[in-house]
Amino acid sequence: MRKIALEEHFTTPELAGSYVARPTQSDTLFADVERRLADFDELRLEMMDRTGIELMVLSVTTPGVQGVRDTKEAIRLARGANDFLAREVQKRPDRYAGFAHLALHDAEAAAAELERAVRELGFRGALINGQTNGHYLDEDRYLPFWERVEELNVPVYLHPGAMADQPAMFAHRPEIGGPIWAWTAETAAHALRLVFGGTLTRFPAVKIILGHMGETLPFLLWRLDSRREFDLGEKLAPDALPSAIIRRNIAVTTSGVCDPGALIATLQALGDDNVMFSVDYPYEDPQLACDFIESAPISEDVRAKVCHGNAERLLRL
Ligand code: ZN
């Protein structure tokens, strides 16, 4: 079945080396990742042809400018990355599309760059690598950004990035301080800030995309509803169900989770229209991801939605 993949990364010559090194990954493996991040030709296209991935929506690998402290420099680098990606997409518009890279150091500037990326470069939304200088997207400073997102009617992919600080729970345990657990915990918490902080109530049409089978949130809906009476906060109406907000505003991808049981539970929790195929290239094995989605025990109608239909609708591809 033809497939569209949404969490697929690249880097630019200017940003190369700025992403988080993985202490547990061997040098040889990491060198291969670096080579694949920089490639838009032989390696990537051969893999896409071999596995039946028709289209990749490309994004800057983590952390990108989310790892840059200086605002002016981050704005300049993000704009450069978007122009760089636009040139690659233009060479092969049948195989590549783009997510904007944004410097959330300045909400107004990020909103303007998103508008430029969507209207002038033809990008399909944005992908954001977690917090920026310790700020999360539910803060009031980001209201102008969300207004523009809603107006442009494009999704925002909330992707893991570096933690703002290293909590004591990860001390002396680097194994769980990265992609195995900490990235999931951070990204799920970021998404819950948007739910409980009222952002998704204020902007009901905004669509957030979470990778990694929803960063565990699909498995927690019942508990989020059941505990809300203790910790509702001031931003949610007493009858607002967190699960209803999540089902309305959040879609997820299968990136990096090739588990049929998790897929079925996620489809049941969020509905057939809110789950999309992805790989997380070049960090994950595309063949494994494609074999998984082709053989998962779901109906052909649902498989078509997950593999391409939902992405076509949500990203207007
Ligand atoms: Zn990723």
Side-chain angles (χ1 to χ4, degrees), residues 3-12 15-25 29-30 32-40 43-44 47-48 51 53 55-67 78 81 85 96-102 104 123-132 137 155-163 177-191 208-217 250-259 262 266 275-290 292-293 311 314-315:
K3 293 175 284 295
I4 296 171
L6 309 183
E7 193 192 311
E8 318 309 331
H9 305 304
F10 75 97
T11 190
T12 71
L15 285 170
S18 77
Y19 45 83
V20 178
R22 296 182 176 187
T24 51
Q25 201 160 34
L29 262 177
F30 205 60
D32 186 57
V33 162
E34 279 186 295
R35 203 162 59 98
R36 290 177 185 278
L37 281 171
D39 162 76
F40 294 83
L43 296 171
R44 204 180 286 261
M47 176 280 291
M48 290 169 71
T51 56
I53 297 175
L55 185 83
M56 267 193 169
V57 187
L58 299 173
S59 51
V60 169
T61 192
T62 197
V65 300
Q66 264 67 61
L85 178 58
Y96 297 142
F99 277 135
H101 193 47
L102 301 175
L104 273 304
F123 286 6
R124 302 298 164 166
L127 182 141
I128 296 166
N129 292 313
Q131 54 84 24
T132 303
L137 293 166
V156 171
Y157 202 124
L158 192 54
H159 184 277
M163 282 199 158
I180 285 178
W181 177 244
W183 291 11
T184 293
E186 162 105 350
T187 311
H190 200 160
I208 303 294
I209 304 175
L210 295 177
H212 315 110
M213 212 66 91
E215 312 286 6
T216 71
L217 292 184
I250 296 182
V252 307
T253 74
T254 62
S255 64
V257 181
C258 300
D259 177 348
T266 303
V275 183
M276 298 176 284
F277 171 74
S278 284
V279 176
D280 202 357
Y281 181 84
Y283 300 101
E284 302 283 347
D285 178 353
Q287 191 67 60
L288 182 72
C290 289
F292 152 67
I293 207 65
L314 187 57
L315 277 67

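Source: prediction; values computed, not measured. We count ligands from 1, going down the list as the structure has it; atoms in each ligand are counted the same way.
The Zn ion (ligand 1) sits nearest to atom NE2 when only the N, O or S atoms of His159 are considered. Residue Glu7 approaches the Zn ion (ligand 1) most closely through its N/O/S atom OE2.
For the pair NE2 of His9 and OD1 of Asp280, the angle at the Zn ion (ligand 1) is about 80°; rounding is to 10 degrees.
Within the 4.5 Å cutoff, the side chain of His159 has no heavy atoms near those of the Gln66 side chain. Using a 4.5 Å cut-off on side-chain heavy atoms (C-beta onward), Thr61 and Tyr283 make contact.
Judged by distance alone, with hydrogens and angles left aside, the side-chain atoms of Thr254 form a donor-acceptor pair with the main-chain N or O of Ser278 at under 3.5 Å.
Exactly one residue among His9, Arg44, Arg36 makes a side chain to side chain donor-acceptor pair (under 3.5 Å) with Tyr281. That residue is Arg36.
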